[in-house]
Amino acid sequence: MTTGDDRSGPNISLLVCGAGDKTFAVPLTSVWETLRPLPASPFPGMPPFVLGVARIRGSAVPVVDSGVLTGGPPVAATRWITLHTDDHRSVALAVETITGIRTVDEKELEELPPLLEGKGPRLFSALIARDSHLLLALAASHLLPAETWQRLTEVTPS
């Protein structure tokens, strides 16, 4: 039965995770795998949210602390989420919790208000309001600034 008011759009699946009291999501299309934390070697000159570089599936992959990245304290990571960026790089996101997959209608994704975009890299791509909670969608391709990728490319073999 149709109501004549078909406002639904395509669905997007998001992996919902958390750091401290913050909950955020990453598009499932960006997720390569989740894994237990591995040793990460600190790397000089990196932003404070970069834990270091880890060897994942034979490649050197930067590891980002989701707590520090989102303005909180460092996480006691229980899982890493390996994400693929739009430019075919990989980055591991250290999180405290993975709570599940949420599928939302694309039309539920709201653009961020300009005030939340700030002056730094655009970490979040969208805002989702559901069940009286707000969920921020992380933009996998913007977790590391371009200059950090450049520095890592210069000194680490892939």
Side-chain angles (χ1 to χ4, degrees), residues 8-41 43 46-112 116-118 120-131 133-146 148-153 156-158:
S8 64
N11 289 330
I12 296 177
S13 295
L14 302 165
L15 184 65
V16 180
C17 41
D21 61 351
K22 295 181 178 129
T23 302
F24 48 89
V26 291
L28 207 50
T29 54
S30 298
V31 175
W32 179 254
E33 67 180 330
T34 67
L35 62 154
R36 62 181 165 72
L38 301 171
S41 300
F43 209 82
M46 292 290 110
F49 55 85
V50 176
L51 292 172
V53 177
R55 182 68 73 190
I56 299 176
R57 310 272 178 232
S59 296
V61 176
V63 181
V64 171
D65 183 315
S66 62
V68 177
L69 181 72
T70 57
V75 297
T78 62
R79 299 299 291 175
W80 284 2
I81 304 168
T82 306
L83 303 167
H84 286 291
T85 66
D86 292 341
D87 53 0
H88 308 290
R89 295 174 172 160
S90 295
V91 59
L93 184 64
V95 300
E96 287 182 354
T97 59
I98 295 175
T99 56
I101 295 172
R102 176 174 275 185
T103 301
V104 299
D105 188 307
E106 187 176 64
K107 292 183 177 182
E108 291 182 66
L109 301 176
E110 299 176 22
E111 287 189 30
L112 290 177
L116 294 179
E117 292 182 4
R122 187 176 177 167
L123 295 176
F124 299 102
S125 60
L127 181 68
I128 304 151
R130 188 182 248 194
D131 303 332
H133 291 87
L134 294 176
L135 183 63
L136 290 166
L138 278 173
S141 293
H142 300 282
L143 295 183
L144 290 178
T148 301
W149 280 118
Q150 181 62 38
R151 173 124 170 83
L152 287 168
T153 302
T156 59
S158 291

Arg57: partners by side-chain hydrogen bond (donor to acceptor under 3.5 Å, both in side chains), with sequence neighbours left out: Glu33
Any side-chain heavy-atom pair of Val64 and Leu51 under 4.5 Å: no
Backbone of Ala94 reached by a side-chain donor or acceptor of Ser66 within 3.5 Å: yes
Heavy-atom check, side chain of Arg36 versus side chain of Leu38, under 4.5 Å: yes
For Ser90 against Thr82, the heavy-atom pair lying closest together: CB-CG2, 4.3 Å
Please tabulate, for the side chains in residues 9-27, all donor-acceptor contacts under 3.5 angstrom to protein atoms that are two or more places apart in sequence or on a different chain.
| residue | atom | partner | partner atom | Å |
| --- | --- | --- | --- | --- |
| Ser13 | OG | Thr103 | OG1 | 3.2 |
| Lys22 | NZ | Thr70 | O | 2.9 |

4.5 Å side-chain heavy-atom contact, Pro47 and Thr148: yes
Min side-chain heavy-atom separation Ser30-His84 under 4.5 Å: no
Main-chain N/O of Val75 paired to Asp65 side chain as donor or acceptor, under 3.5 Å: yes
Distance in Å, Phe49 CZ paired with Leu69 CG, rounded so as to fall on 0.5 Å steps: 6.0 Å
4.5 Å side-chain heavy-atom contact, Val63 and Trp80: yes
Residues that Thr78 engages under side-chain hydrogen bond (donor to acceptor under 3.5 Å, both in side chains), provided they are two or more places apart: none
